[in-house]
Every structure is written in structure tokens, then in C-alpha cells.
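Worksheet: one structure, shown below.
What you see is a predicted model, and the numbers here were worked out from it, not measured in a lab. Sequential numbering from 1 along the given sequence is applied to the chain's residues.
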Amino acid sequence: MNITEYEMLVVLAEELNMRKAAMRLYVTQSALSQRLQTIENSWNTKIFFRSQRGLMLTPAGEKIVQLAKEMLTKTKRVKEEIGQMYGEISGTLTLAVASIIAQHWLPPILKRFTELYPNVKVSLTTGWTSEIMASMYENNFHVGIVRGKPNWSGITHHLFTDRLFLVDQEMESIEDLCSTNRPFIQFKSDSTYSLHIQQWWYERFHTLPERTVIVDQIETCKQLAYHGIGYAILTEIALYHLDDKIKKIPLRDKNGQFMTRDTWLIISETAWQLPQVQAFQKITKDFIR
């Protein structure tokens, strides 16, 4: 089989649907079906079972598709090595980034990176830090950008620290939390961040908020607080574009120190050998100086 046929089998295995696979490969269904039949004849075995519901890999097909994935990975690696021989940074850069960082901090960095290295294909996935860490442990991404101090044995770079703020239209100080009957608006987040806030509440007031509203996104939380529905606790990075209509009161711990949230860049030792990874890390350093 050639590389194009390997790619075709991988796409078919991902979609398990002839129509969707044909759309991804920019070919007709009939052409794709004929190519698949030719490949199966060359292996003298069925790779997929076909039904009205779609495709299903046969036991032999699982082994053949695994071979196809390995060949594509090896081919990509050799192309990157050849590009390095000629001083050209190319290949793929896979990023897994905490959602709030991807929304508020990453865009200008990615813009700069793509301008400097147009031959690098960037793949970006966003999510919670816990999800990103799990994916990095499984070596699914070259670079991760996470919140909080990561438990990571590979390469780590501290990017920045931002403070936590009480955000509200009415309250003038933290002490006003004792008398308000308005709800505390929370967004779903990693357990480490939620625990961080809960510990602060309990240390400060020996109790937890009586009324809470839980939303799925930090932007929803911010907008509800901005329009006076309740109050929220948000990190500094999410507040840059809010005007003076809303009050922002910094949180302090029992020792009077600002409550903060760190952002880290993590890379595996293997991924660090790739020039596109080193180039991306250098740009992040330039942005935080």
C-alpha cells in the first residue's frame, strides 16, 4: 500500500461511515468503495464489514489499520527530520490548552507563531487541566498549557501568575459577603480550583455560601456577574476587558497574601527534541517578558 491508501484506511476507521469518510478525503463514495475493495483484494481479507448502519473493523482489519497508523506516524517523523536537515521548521505542533488560557491569552501567541512558521500545522485542543494532564501522560500532545502547579516529570516552564478577584456590581469589600443575600455564581471547573475557593471561603467565614448558581462556562459566569445577577470569583486573566461598571476586589488568604492561580507550560522530553516545539516555547517566553 502507498501513503494515500494508509490515510484512507485510517479515515475510514475513524468515521466508520463511507459517506463521511468520502467527504473528508474529497472523493466520491463509489471511488472510495472501489479503492477499499482493491486494498482488501491485495490483502486477501476483509478489512471492514459493511452494513446499512455503517462499517465495522474485522479482526484482520484492526491489525491492518494499526499498521497504517504506524506507517503514517513514521512517515511524518521522517519528513520532519528531513525538514530539520535543511533548516526548515515544519511538521505538526499539537497543543492542549486550558480553556480560559486559550480564550484570553493564547490567540496573539498563535498568530505570531503561524506568521513565523507557516509550514507548521497547528492542532489545538482545549479543556480542563485534569483532562489535559491525562492526555499528556498518554503522549497525545506535544505541548500542554495548564492551570495550577502540575505534577509533571518532563519539562515545565512557568508562564505567569494571575490574582483572584471577587467580582460584583454592589459590594465594596470582602466583608460585604457576610450580609449579602445574592447568589454566588460559579462555573464548572477542575476540582483543584473549586477546592481552592472552598478552602478560602471556609478559612474566611467558617462556612460556605448559602446560595449558589452553577453555570458550565466561565464566560457565562462573568456575564451574569457583570449584569448584577450575583457575584463571582474570577481570575485576573478573565477580567481585562471589563469596564468600571463592575467592582473587582482582590482576594487575600489568612496571611494577607493575594490568592493566585499559576499557568504552566509542560512538554515531554521526547517532544522537546522537535524544533517546532522549541520554537513555540521561545515565543511564549518572549510574550511574558
[Y] and [X] side chains, donor-acceptor separation under 3.5 Å:
X	Y	result
N140	E138	yes
E62	Q66	no
S268	T270	no

(message) Looking at K222 and A238, would you say the former's side chain and the latter's main chain have a donor-acceptor pair under 3.5 Å?
(response)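 Here the side-chain-to-backbone pair exists.
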(message) Is it the case that the side chain of E40 and the backbone of F48 share a donor-acceptor pair, with hydrogens and angles ignored and the cut-off at 3.5 Å?
(response)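 A pair under 3.5 Å: yes.
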(request) Test side-chain contact (heavy atoms from CB on, under 4.5 Å) on V143 and T94 and set out the steps. (result) CA-CA 6 Å; V143 177; T94 56; over 6 Å; no
In Å, rounded to the nearest 0.5 Å, how long is the span from [atom1] of [X] to [atom2] of [Y]?
X	Y	atom1	atom2	answer
L166	D176	CG	CG	9.0 Å
I89	Q278	CD1	CD	8.5 Å
Y6	M71	OH	CE	4.5 Å
H196	W201	NE2	CH2	15.0 Å
L72	L67	CG	CG	9.5 Å
D168	I229	CG	CD1	11.0 Å

(request) Under 4.5 Å between side-chain heavy atoms, chaining through other members, with only Ile, Leu, Val, Met, Phe, Trp and Tyr counted: pull out the rest of the cluster around W264, sorted by chain and number. (result)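 ILVMFWY cluster around W264 also holds I132, M133, M136, Y137, F141, V146, W152, I266.
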Are [Y] and [X] connected into the same hydrophobic cluster when the rule is that any two of I, L, V, M, F, W, Y join if their side-chain heavy atoms are below 4.5 Å apart?
X	Y	answer
L124	L116	yes
I214	L234	no
M56	L16	no
L251	I100	yes
I174	L164	yes

(request) For residues F187 and Y193, establish whether the separation of their ring centroids is below 6.0 Å. (result) yes
In terms of heavy-atom contacts, does [atom1] of [X] have more than 12 from other residues, nucleotides or ligands at under 6.0 Å?
X	atom1	result
F49	CZ	no
K20	NZ	no
M171	CE	yes
E210	CD	no
R24	CZ	yes
K63	NZ	no
K69	NZ	no
N41	CG	yes

(request) Could you walk me through whether T263 and R147 pass the side chain to side chain donor-acceptor pair (under 3.5 Å) test, one step at a time? (result) CA-CA 5 Å; T263 298; R147 300 284 272 172; 2.6 Å; yes
(message) Test: ring pair (Phe, Tyr, Trp, His ring centres under 6.0 Å). Region: residues 98-126. Which pairs qualify, not counting sequence neighbours?
(response)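 Ring pair (Phe, Tyr, Trp, His ring centres under 6.0 Å) check on residues 98-126 returns W105-F160, F113-Y117, F113-F280.
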(message) Quick check: do V277 and Q281 have side-chain heavy atoms less than 4.5 Å from each other?
(response)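 A side-chain contact is absent here, since even the closest heavy-atom pair is not under 4.5 Å.
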(message) Any non-hydrogen side-chain atom of H158 less than 4.5 Å from a side-chain atom of D262?
(response) yes
(request) Go through the steps to decide whether R182 and E170 satisfy the test side-chain contact (heavy atoms from CB on, under 4.5 Å), and finish with yes or no. (result) CA-CA 10 Å; R182 296 162 66 245; E170 300 178 3; 3.6 Å; yes
(message) Using the rule given for side-chain contact (heavy atoms from CB on, under 4.5 Å), can you reason through L95 versus T125, listing the C-alpha separation, both sets of side-chain angles and the distance that settles it, and then say yes or no?
(response) CA-CA 6 Å; L95 304 172; T125 299; over 6 Å; no
(request) Step by step, work out the side-chain contact (heavy atoms from CB on, under 4.5 Å) result for R35 and T4. (result) CA-CA 11 Å; R35 291 285 297 279; T4 303; 4.0 Å; yes
